[in-house]
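Here is the structure we will look at.
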There are 2 protein chains.
Amino acid sequence: MILETRHSIHEILSRQPMFRGLAADELRDIANGTREYRAKKNEIIFHRGDAVEGMHVVVMGQVKLSLPSSQGAEKVVHVCGPGNTFGEAVAFLDKPYPVNAQATAESLLLLIPKRVLLDALELSNNLCRKMISSLSVRLHEMISDMETCLLRNSVQRVVCFLVQSAPESGDAFEVSLTASKQTIASQLNLAPETFSRVLGQLSEAGLIQVRGRRIAVLDRQRLIGFSG
Amino acid sequence: MILETRHSIHEILSRQPMFRGLAADELRDIANGTREYRAKKNEIIFHRGDAVEGMHVVVMGQVKLSLPSSQGAEKVVHVCGPGNTFGEAVAFLDKPYPVNAQATAESLLLLIPKRVLLDALELSNNLCRKMISSLSVRLHEMISDMETCLLRNSVQRVVCFLVQSAPESGDAFEVSLTASKQTIASQLNLAPETFSRVLGQLSEAGLIQVRGRRIAVLDRQRLIGFSG
DNA sequence: GCGACGAATTGATGTGGATCAAGGCTTTTT
DNA sequence: AAAAAGCCTTGATCCACATCAATTCGTCGC
C-alpha cells in the first residue's frame, strides 16, 4: 500500500514541469520524502507568518496566494494551477511564508519538505538548473505584474489582462476566466466594482462581449488601441 | 596587462557575495569571460527591450532599475548597490531586458556573459545554489515591495520605508538616504510632492527630523503606531 | 562668491477609482 | 422546487493622491 503510494508519487512528480526529464534515481529520494495532500475548496493551506514546511506542487485544482491587508482585505499575488509550484523560494531563506495560500477549488497537492528539497538540489545539478529557471520565470512574471498594477490605469490593466490571457494569437478570441472576477480584480489591484464597470465600458464600445465567465474579444488591435 | 586585469577581476569577483567561497578553479573560467566596465552618473546601461548580454555585478557605485511608462514617467523597481547583481534572472530566459538600467552615480561594474554564466552553472553545483538563494532573496524583496506599494497608504509606505532602512535595531536611529528623494518616492510609488509632504507631516508630529538627506527617527514604536 | 540648473518644498486644484448601498443573478443546499 | 448564500452589477458619493504652478534650496562649475 505504502509502496503503491510512493510509486504513484514518483509517477506524478515525473509529469510535473519542475521534475520532468530527471533521472529515475534522482527522483526516487524526492518521491520518498514527498507527502501527498488534498485541500477542499476555500480551505486555507497556510497563513502568512507560518513556518515553512517546503515546496508545494499543485497537481490538480487551484491555489490562490495573497497578501492580507490590515483592514481584512487582501491582494491576490498569484493564482497557481496544475503544474505550478509555490513556497520554494521561501524554503531557501530562513523566513516564514510571506503570503496566505488558499485553495480556490478542490485540489490535489504534493509537499516536498525543505530538507528533502535541499538534499536533492545538492545532488542534482540538473534539478538546480530547473529551479533557477523556475524562479527566474516567477521573477519575470512579478515584474510584469508590477508593471500592470503600478503604471497603468484601470482600463489599461483590464485590456492588458485580456490580451495576456489570449489562448490563440488571432485578432479575435475567447477568454474563459479561470478564477472568480473578485480574484482577478484583486490581482489587477482593482475593486470588484471597478473591474465590472470597465468590462461594461469595453462591451459598450463594442470591443468585447461578456457572457458570464466567457469573454469574447472581438478585435485585439482596436482593444489595445482603446487603452492607449 | 591583460593578465593584470584578469587577475584583478578574479580578485574582485571573489569578494562579491555571489561568488564568495567558490573554489579558485571554479572562479577562473568565470573571471576569464568577465568584462569590466564603467558607467558615469546618469549613464544608461541598457534599455528595456534590449537583448540580454548577461549578468551584471555592481562593484562600486549605484544602478537604478526602472520601468518606463507610456507618458515618459518611470517606476523605480530596484536600486542596486555594491555587491548586488542584476540581469541574471532574465539571462536564463530567452527574453529581452524587462527594465531600464541607469547608473545614479559613477560606477564600476562587471558583466558576466550569458554563455559564461550558464557554463559555470553547469559545472558548479555550489554556484547554482548561490544563484538559487540570490533569486529567492530578490523574489522575497519583490513581494515585500508589492505589499508596500499596493496595500498601504502614503503615510504607511513612508513609515515602512524608514523602518526597513533602520541601520540599528534601537528605538531611535538615523537613516541616510542612499538615493535622491525622487528615486525613493518612485520606489514607494508616490509622487515626489507627496513624499515630501508626508515627511513634513511626520516632522510636524514630532516623530522624525529631516535634515537634508539625513532623517532622524526619534521613536520607532510611536512612528509605527502613527500609521496604523 | 556668483550664476545656473536641478532637487526639493509648498500651495491650489482636479480626478480616478474606492467605498457605500441596493438590487439582480447564479449556484448550492435541503 | 424553494430557500439561502454568494457573486456580480449598477448607481451615488467621497477622498487620497496626482497634477499643475510657483518658489526656495542646494550644489556644482567657473
Side-chain angles (χ1 to χ4, degrees), chain A residues 40-43 64 69-76 102 104-106 148-161 176-204 208-215 226-227, chain B residues 40-42 62 64 69-76 102 104-106 148-161 176-204 208-215 226-227:
Chain A
K40 292 200 282 283
K41 179 167 177 169
N42 295 327
E43 187 178 331
K64 175 180 81 176
S69 89
S70 35
Q71 322 87 315
E74 58 165 30
K75 163 74 179 86
V76 174
Q102 182 179 20
T104 53
E106 176 100 37
T148 303
C149 287
L150 295 177
L151 38 75
R152 297 189 201 282
N153 64 28
S154 58
V155 174
Q156 292 169 331
R157 274 179 251 177
V158 173
V159 167
C160 190
F161 166 77
S176 344
L177 304 183
T178 55
S180 72
K181 293 193 181 177
Q182 315 183 56
T183 299
I184 293 169
S186 172
Q187 265 194 279
L188 298 174
N189 207 39
L190 292 175
E193 294 94 328
T194 306
F195 184 50
S196 179
R197 275 186 256 266
V198 171
L199 286 179
Q201 195 181 330
L202 295 175
S203 289
E204 196 77 12
I208 64 173
Q209 274 170 15
V210 183
R211 282 186 310 276
R213 44 187 47 267
R214 299 200 166 276
I215 297 177
F226 184 76
S227 64
Chain B
K40 291 199 283 285
K41 180 167 179 171
N42 295 326
Q62 190 180 64
K64 176 180 81 176
S69 90
S70 35
Q71 321 86 315
E74 59 165 28
K75 163 76 179 88
V76 173
Q102 182 178 21
T104 54
E106 176 99 38
T148 303
C149 287
L150 295 177
L151 38 74
R152 299 189 200 282
N153 64 30
S154 58
V155 174
Q156 293 169 331
R157 275 179 253 175
V158 173
V159 167
C160 191
F161 166 77
S176 343
L177 305 184
T178 55
S180 72
K181 292 192 180 176
Q182 316 184 56
T183 299
I184 293 168
S186 172
Q187 266 195 280
L188 298 174
N189 208 39
L190 292 175
E193 294 94 328
T194 305
F195 184 52
S196 178
R197 275 186 256 267
V198 171
L199 286 179
Q201 195 179 330
L202 294 175
S203 289
E204 198 75 12
I208 64 172
Q209 274 171 14
V210 183
R211 283 188 309 277
R213 43 187 48 267
R214 300 198 165 277
I215 297 178
F226 185 76
S227 65

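The sequence lines fix the lettering, A, B, ..., with proteins before strands; numbering per chain opens at 1.
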Would you kindly give the [atom1]-to-[atom2] distance between [X] and [N], to the nearest whole Å?
X      : N      : atom1 : atom2 : answer
B:Q201 : C:dG11 : CD    : P     : 13 Å
B:F195 : C:dT10 : CZ    : C1'   : 16 Å
A:L188 : C:dG16 : CG    : P     : 19 Å
A:K75  : C:dA18 : NZ    : C1'   : 16 Å
A:R213 : C:dC25 : CZ    : C1'   : 13 Å
A:N189 : C:dT19 : CG    : C1'   : 15 Å

Query raised in the report: Hey, does B:F161 have a side-chain heavy atom less than 4.5 Å from the side chain of B:T148?
Result: no
Query raised in the report: Are any non-hydrogen side-chain atoms of A:C149 and A:L188 less than 4.5 angstrom apart?
Result: no
Query raised in the report: Does the base of C:dG11 carry an N or O that pairs as donor and acceptor with the side chain of B:R197 under 3.5 Å?
Result: yes
**Report entry** For B:R214, all residues meeting salt bridge (Lys or Arg N to Asp or Glu O under 4.0 Å), sequence neighbours excluded
**Finding:** B:E174
Query - Upstream residue (5' side of DNA chain C) when A:V155 and A:E193 are each assigned their closest nucleotide - result: A:V155
Query - A:R197/A:E204 ion pair, N-O < 4.0 Å - result: no
Query raised in the report: What are the 5'-most and 3'-most nucleotides of DNA chain D lying under 4.0 Å from any heavy atom of chain A?
Result: D:dC7 to D:dA12
Query raised in the report: So what does B:N42 touch, heavy atoms closer than 4.0 Å: a base, only the sugar-phosphate, or nothing?
Result: nothing
Report task. For B:Q182, report the nucleic acid contact type (base, sugar-phosphate, nothing); a contact means any heavy atom under 4.0 Å. Result -> sugar-phosphate
Query raised in the report: For the side chain to side chain contact (heavy atoms under 4.5 Å, CB included) test, which of A:K41, A:K64, A:E43 pairs with A:T104?
Result: A:K64
Query raised in the report: Looking at CD1 of B:I208 and CG of B:L202, how far apart are the two atoms once the value is rounded to the nearest 0.5 Å?
Result: 4.5 Å
Query raised in the report: Think B:S196 has a side-chain N or O under 4.0 angstrom from the OP1 or OP2 of C:dA8?
Result: no
Query - Polar side-chain atom of A:K181 near backbone of A:S196 as donor-acceptor pair, under 3.5 Å - result: no
